[in-house]
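Structure first, commentary second.
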2 protein chains.
Amino acid sequence: MAVSIKDVARHADVSTTTVSVVLNNRTKEGRVSENTRQKVLSSVKKTGYISNLYARSMRKGSTFTIGVIAPSSMSYQTSLIVKGASSEAVKSGYEIIVGISFFDSDREQAYIKNFLSRRVDGIIFSGHPSQATASILKNLYNNKFPLVIAGSLVSDGIDAISGDPEMSGYEATNHLVRLGHKRIAFCIGNRSRFAVQGYSPAGTAVSHVEVDSELATDVCRIRYHGYQRAIENSGIQTQELCIASETSDYEGGRESAATILKMKERPDGIVFRNDEMAAGALNFLLGAKIRVPEDISLVGIGNKPLTEMTLVPMTSVNYPSVEVGIKAIEIIMKNINDKKTKDGSEKINGVAQSIRLAPNLIIRSSTAPRK
Amino acid sequence: MAVSIKDVARHADVSTTTVSVVLNNRTKEGRVSENTRQKVLSSVKKTGYISNLYARSMRKGSTFTIGVIAPSSMSYQTSLIVKGASSEAVKSGYEIIVGISFFDSDREQAYIKNFLSRRVDGIIFSGHPSQATASILKNLYNNKFPLVIAGSLVSDGIDAISGDPEMSGYEATNHLVRLGHKRIAFCIGNRSRFAVQGYSPAGTAVSHVEVDSELATDVCRIRYHGYQRAIENSGIQTQELCIASETSDYEGGRESAATILKMKERPDGIVFRNDEMAAGALNFLLGAKIRVPEDISLVGIGNKPLTEMTLVPMTSVNYPSVEVGIKAIEIIMKNINDKKTKDGSEKINGVAQSIRLAPNLIIRSSTAPRK
DNA sequence: ATGAAAGCGCTAACAC
DNA sequence: GTGTTAGCGCTTTCAT
């Protein structure tokens, strides 16, 4: 067993009370002489005592721990959110514990239980909770448990913080508009999920994709709304150009580029649902002797590291993940403090807030003014 | 305050002991009638009771938690190690908590203390500890605290688990040898750290790099040893070809490729210290109208996602990160169990073990037989 | 200025 | 079968 406060007390020949008082710097309140203080401190050093956080927690009613549930440890975005959350939490003396759910509903719920069993002071749920998980979260939230959903748009009455996908789509598209491009396409990726009304067979372009209300919360769909708004505002283009593909990854990007090359009126600017697709399209176009950005400008969304490692470094819209993590902790902290102050007797805020952080465009070499 | 075992006991009109026994499934030992069992279980449901892990820990002397200290949440390798560790730990009913040190020595030590304060049952230190941190770790280890260093080679008397960088270099090089290449170079990256004896001015190749014993533990240097061994075994090449560059990233790869293009006798195969460099070189070569793999074959090390997203998908040596994470937990678990059994009275193993997991080559399109 | 004692939530030894 | 009690390491009245 590790050395306890008792051992220190014995070693310093004082009571455990005195040790506790010294260690919690409550010396001022007319307690503990400088002499005993030093004696205790030296004993702490000598014995190598490290306080037991959880024994303390049991008295204090707080573990100074925030639980983060994330779908995947490998996602760039998740990493940054955790990074932001961790660094922000440390400032208030809190620590983060992370559970990876691997997109599994059961694991999500297991972690919620696990975290509650660990008496975390709050939970950040990163990503999209499953239906079942969402209802559990909702319940927690209604019971005033400090909770925030980060990086998802389907927060349904729970405090949420995320990037603004509408603005991402808008910024990316508007960048091309300002560069003077006249025909701008949006590669929306995965056909089966997105091309609902304006369904398109493999490898063809659809001119207009109806918004399916059921999927209206989907991030990518909202990015597409941003594209639509930018196109409308520009007045340069009467028709939207939405390219679907089998997948939403590197291969889907290649497929989309192939589709575009077959078009009679070829776009001079393309916005992609994500960076992987943009990279795939870039490589396909280069392989087909199309110059980027001279012939076609490309914009990705996500600003992942790979945007700097493509043959032509890619312009991309940055998702403010670190800031999302920071903001998530801020919200949690506010809730924790409100709970302490108001004793949970009063509804903190009446209604759940959903904050969306603005993205910012990172201009690299895959975009240029229209010739 | 959350609902406690007392509340459940009151609700079910039994003692806390009975509740505890039911909850820990110790019903068999002739205790608790099926009737009360059901009564308790139903009360647990009704009250929404979730046990307090740490109150239990205080009695059991175990928190069922392993602390992982990692330098960066964003590294691909780190993510995979955490993933492996997490999934393996769950099998034994343990949970992972992760601290990110951001390569800062103070943070490393703060997390060690924090984890000890949280009474974790073991610590996995991922990456290279700083000098100061290493001595603290050593101290912990000597005191029989379950500890393992993952992914680093400078373990200095502490149990360690990592990939085998010598084999990585060997496998990458030998792949080119088997393909019939006759002149194989190794791009070692950062000049200032590696080209010690055979120092090379910017943009020039050095024929032979002496091993600086001080840096002999460096991962990259050891990869280079693997290269050397493969070259020696092959008998095809009398001279090693080591290319240094300013940096070890994408740009360094471009610089290395430029160096190679200036050489009189151009290599027909190149091994890179990492994937980023390989990607940079690939793009530089393609830009200079050199064909890959027809003119030159390239091999990366790391098998990062970007290897699949380059214009020519890259052959690369896979680092078994997930397995490292799994193995790390296995070692920790063994130590924990040994400690319980032998009561810490006996030195577990006498000497620290350092396990190196074999990498495996992933063949893509950047390598081909010599023409 | 210091200590004794109670209690946070839980489990285990020991009654009954 | 079930309950009483002590104690894990800590903080906090309340005495002294």
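Chain identifiers are assigned alphabetically (A, B, ...) following the order of the sequence lines, protein sequences preceding nucleic acid strands; residue numbering begins at 1 within each chain.
- With D:dT11, C:dG3, C:dT11 as the choices, the nucleotide that has an atom nearest any side-chain atom of B:Ser20 turns out to be C:dT11.
- Note on B:Arg56: a side-chain N or O is less than 4.0 Å away from OP1 or OP2 of C:dT11.
- We find that CZ of A:Arg59 is positioned 11 Å from C1' of C:dA5, with the value rounded to whole Å.
- Remark: B:Arg10 engages B:Asp7 in a salt bridge (charged side-chain N to carboxylate O under 4.0 Å, His left out) (not counting sequence neighbours).
- Taking a 6.0 Å sphere around CG of A:Asp13, one finds it holds 12 or fewer heavy atoms contributed by other residues, nucleotides or ligands.
- Residues passing the salt bridge (charged side-chain N to carboxylate O under 4.0 Å, His left out) test with A:Lys91 are A:Glu88, sequence neighbours excluded.
- Residue B:Thr36 places at least one side-chain N or O closer than 4.0 Å to OP1 or OP2 of D:dT2.
- For B:Asp156, the side-chain contact (heavy atoms from CB on, under 4.5 Å) partners at least two apart in sequence or on another chain are B:Lys138.
- Here the C1' atom of nucleotide C:dG3 and the CG atom of A:Asp13 are 12 Å apart, to the nearest Å.
- Under the side chain to side chain donor-acceptor pair (under 3.5 Å) criterion, A:Ser15 pairs with A:Thr18, sequence neighbours left out.
- Here the P atom of nucleotide C:dT2 and the CD atom of A:Glu34 are 11 Å apart, to the nearest Å.
- Closest to the A:Lys60 side chain, of the nucleotides D:dT12, D:dT4, C:dG9, is D:dT12.
- As rounded to whole Å, 16 Å separates atom C1' of C:dT2 from atom CG of A:Leu23.
- OP1 and OP2 of C:dG7 both lie 4.0 Å or more from every side-chain N or O belonging to B:Lys6.
- At whole-Å resolution of the value, CG in B:Asn24 and P in C:dA13 are 13 Å apart.
- Counting to the nearest Å, the C1' atom of C:dG7 and the CE atom of B:Met58 are 11 Å from each other.
- Taking A:Glu330 as the reference, A:Lys327 meet the salt bridge (charged side-chain N to carboxylate O under 4.0 Å, His left out) condition, with sequence neighbours excluded.
- Summarising the geometry, the separation between OH on A:Tyr54 and P on D:dC8 is reported as 20 Å, rounded to the nearest angstrom.
- Few gaps surround CG on B:Asn143; more than 12 heavy atoms of other groups in view lie less than 6.0 Å from it.
- Between the side chains of A:Arg118 and A:Asn114, at least one donor N or O sits under 3.5 Å from an acceptor N or O.
- Under 4.0 angstrom from either OP1 or OP2 of C:dT2 there lies at least one side-chain N or O belonging to A:Ser33.
- Close to D:dG3, at under 4.0 Å from its OP1 or OP2, lies a side-chain N or O of B:Thr18.
- Nucleic acid contact class of B:Ser51 (heavy atoms, under 4.0 Å, all strands): sugar-phosphate only.
- Taken over five-pair windows at either terminus, the axes of the helix from C:dA1-D:dT16 to C:dC16-D:dG1 are inclined to one another by 50° (rounded to 10 degrees).
- For A:Asn52, no side-chain nitrogen or oxygen approaches OP1 or OP2 of D:dC8 to under 4.0 Å.
- Scanning atom types as modelled, one donor and one acceptor separated by under 3.5 angstrom connect the side chain of B:Thr17 and the base of D:dT4.
- Spacing between atom CZ of B:Arg10 and atom P of C:dG9 amounts to 10 Å, rounded to whole angstrom units.
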